[in-house]
Amino acid sequence: MVAVGAALLVAGGLTACGGDDSSGAAGNPYGLAQAGVLRAGTLTDAPPNVYLKDGKFTGFDNDLLTAVAGKLGLTVEFVGTDFSALLSQVNNHKFDVGSSSITITEARKKTVDFGNGYDFGYFGLDVPAGSPITGFDQLAGKRVVVVQGTVQDDYATGKQLDPVRVPDYNGAINQLKAGTADAWIAPAEIGEKSAADSKGKITVAAKQLSPAPTAYAVAKGSDKLREALNKGLDEVIADGTWSRLQAQYYPGRPIPADFTPGSGTVAAPSASTSASAVPSASASAAS
């Protein structure tokens, strides 16, 4: 379950401002709650994107954010929360940034600002083993579960499926295992991992490409932080870290031809090139 308020300071050889508590522009140029520390709201139960492993926050999104923060001379303090509360917590400055495979939508732009997209995603359709459901077009009249506030929730609502909303991914998985839901619309990678871990109780019936990229969220008006994260993201794309983490967390997953991470001004090396050329600074939490 989500451990709300459980925090972990991740230090992967990154530099920081240490005990500098200055709130001035020179000591804290990005307006962080604590100078030198990027406080990130995330989830604990959504592998391979964001999750806890051996007491450490890891996953593609979080390891990438740690690498991006390193380019800015910041350490990252991850804190577990519910996705349904994450965006409002970011905009209220409880967190400096939200890291949870957050799909950019026009509705969400009313609450937070987004950096450049760093990943793409698919919707997955998980069902109990033996279910006759084989596609998204068969969900009318079915009991469909979604995590509240997610883009999958938006999709189900838009399709007038009257979904059952739960606060976290474990809640959705438990509904399928208990037979109290006919299907779960999930982020595909999370759904695939959950099915693989279910010992045959859950299967993946279908998946389809999500309509928009995922990005880190910051409070409205946090332009300096947003611009800095965009710059750091381009740097970890250029040095091969992005490609290496893609290969580590999503082995064999094809990248859509029309998807370009970051600003689009830098090229991502191939995973094989970056794996040999880039030190694995941010992968230790997942090793």
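These values consider heavy atoms only, across backbone and side chains, with no hydrogens, waters or symmetry-generated copies.
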*For the pair N116 (side chain) and N230 (backbone), establish whether a donor and an acceptor sit closer than 3.5 Å, ignoring hydrogens and angles.*
no

*Once you round to the nearest 0.5 Å, how far does CG of L64 lie from CZ of R244?*
10.0 Å

*asked:* Would you compute the distance between atom CG of D119 and atom CZ of F259 and round it to the nearest 0.5 angstrom?
replied: 5.5 Å

*Where do G135 and A206 come nearest, in terms of heavy atoms and distance?*
CA-CB, 4.1 Å

_Within a 6.0 Å radius of atom CG on D197, are there more than 12 heavy atoms belonging to other residues, nucleotides or ligands?_
yes

_Hydrogens and angles aside, do T241 and D239 bring a side-chain donor and acceptor to less than 3.5 Å of each other?_
yes

*Are L139 and V146 connected, step by step, through hydrophobic side chains (Ile, Leu, Val, Met, Phe, Trp, Tyr) whose heavy atoms are closer than 4.5 Å?*
yes

*In terms of side-chain heavy atoms, does T157 have a donor or acceptor partner in D153 at a distance below 3.5 Å?*
yes

*Evaluate side chain to side chain contact (heavy atoms under 4.5 Å, CB included) for K94 paired with T81, printing each intermediate quantity in order.*
CA-CA 11 Å; K94 179 175 182 179; T81 189; 5.5 Å; no

_Could you measure the distance from the CZ atom of F78 to the CG atom of N62? Nearest 0.5 Å is fine._
4.0 Å

*When you measure from the side chain of Y216 to the backbone N and O of L65, does any donor-acceptor pair fall under 3.5 Å?*
yes

_Presence of salt bridge, K224 and E227, under 4.0 angstrom_ = no

*Does T75 reach the main-chain N or O of V37 with its side chain, forming a donor-acceptor pair under 3.5 Å?*
no

*For the side chain of R108 and the backbone of T103, is there at least one donor-acceptor N/O pair under 3.5 Å apart?*
yes

*Please confirm whether the backbone N or O of A33 pairs with a side-chain atom of D96, one donor and one acceptor, at under 3.5 Å?*
yes

*Heavy atoms from other residues, nucleotides or ligands near NZ of K220 exceed 12 (cutoff 6.0 Å)*: yes

_Spatial distance of atom OG1 (T214) from atom CZ (F114) [nearest 0.5 Å]_ = 10.0 Å

_Flag, side chain of S243 to backbone of P269, donor-acceptor distance under 3.5 Å_ = yes

*Geometric class of the F123/Y155 ring pair [parallel <30°, tilted 30-60°, perpendicular >60°]*: perpendicular

_Whether the side chain of D113 engages the backbone of V218 through a donor-acceptor N/O pair (distance < 3.5 Å, no angle test) should be reported._
no

*What are the two closest non-hydrogen atoms of V204 and G191, and how far apart are they?*
CG2-O, 4.0 Å

*Is the side chain of D182 donor-acceptor paired with the backbone N or O of R143 at a distance under 3.5 Å, no angle test?*
yes

*Apply the test side chain to side chain contact (heavy atoms under 4.5 Å, CB included) to residues V97 and V76: give CA-CA distance (whole Å), side-chain angles for both, the deciding distance (0.1 Å), then the verdict.*
CA-CA 10 Å; V97 63; V76 185; over 6 Å; no

*Atom CD in E77, atom CG in L38: separation rounded to 0.5 Å?*
10.0 Å

*Compare every heavy atom of A156 with every heavy atom of I185, then report the nearest pair and how far apart it is.*
CD1-CB, 4.1 Å

*asked:* Counting C-beta onward and ignoring hydrogens, is there a side-chain heavy-atom pair between T58 and Y51 closer than 4.5 Å?
replied: yes

*Locate the shortest heavy-atom distance separating I133 from A183; write the atom from each residue and the value.*
CD1-CB, 4.4 Å

*asked:* What I'd like to find out is whether the side chain of V147 reaches to under 4.5 Å of the side chain of Q152, using heavy atoms alone.
replied: no

*Are Y169 and L86 connected in a single hydrophobic cluster, I mean Ile/Leu/Val/Met/Phe/Trp/Tyr linked by side-chain heavy atoms less than 4.5 Å apart?*
yes

_I'd like to know if the side chain of S88 and the backbone of A85 have a donor-acceptor N/O pair within less than 3.5 Å._
yes

*So F60 and Y118, would you call those rings parallel, tilted or perpendicular, with 30° and 60° as cut-offs?*
tilted

*Closest non-hydrogen atom pair between I102 and A217, with its separation*: CD1-CB, 4.0 Å

*Check D63, N49, D61 against Y249 for a side-chain hydrogen bond (donor to acceptor under 3.5 Å, both in side chains) and give me the one that passes.*
D63

*Evaluate side chain to side chain contact (heavy atoms under 4.5 Å, CB included) for S99 paired with F57, printing each intermediate quantity in order.*
CA-CA 11 Å; S99 171; F57 286 93; over 6 Å; no

_Polar side-chain atom of N91 near backbone of L87 as donor-acceptor pair, under 3.5 Å_ = no

*If two hydrophobic side chains count as joined below 4.5 Å and joins carry through other members, does V151 share a cluster with V50?*
no

_Contact check, side chains of K177 and I202, non-hydrogen atoms, under 4.5 Å_ = yes

*Between Y30 and L229, does a side chain to side chain contact (heavy atoms under 4.5 Å, CB included) hold up when you go through it step by step?*
CA-CA 10 Å; Y30 310 124; L229 292 174; over 6 Å; no

_Under 4.5 Å between side-chain heavy atoms, counting indirect links through other Ile/Leu/Val/Met/Phe/Trp/Tyr residues: same cluster for L32 and V68 or not?_
yes

*Answer with yes or no whether the hydrophobic clustering places V144 together with Y122; edges join I, L, V, M, F, W, Y residues whose side-chain heavy atoms lie under 4.5 Å apart.*
no

*So, are E189 and K193 salt-bridged, with charged N and O less than 4.0 Å apart?*
no

*When you check the gap from the basic side-chain N to the acidic O, do K231 and D234 get nearer than 4.0 Å?*
no

*Just how far is it from atom NZ of K201 to atom CD1 of I173, taken to the nearest 0.5 Å?*
12.0 Å

*How far apart are the closest heavy atoms of L233 and G262, and which atoms are they?*
CD2-CA, 3.8 Å

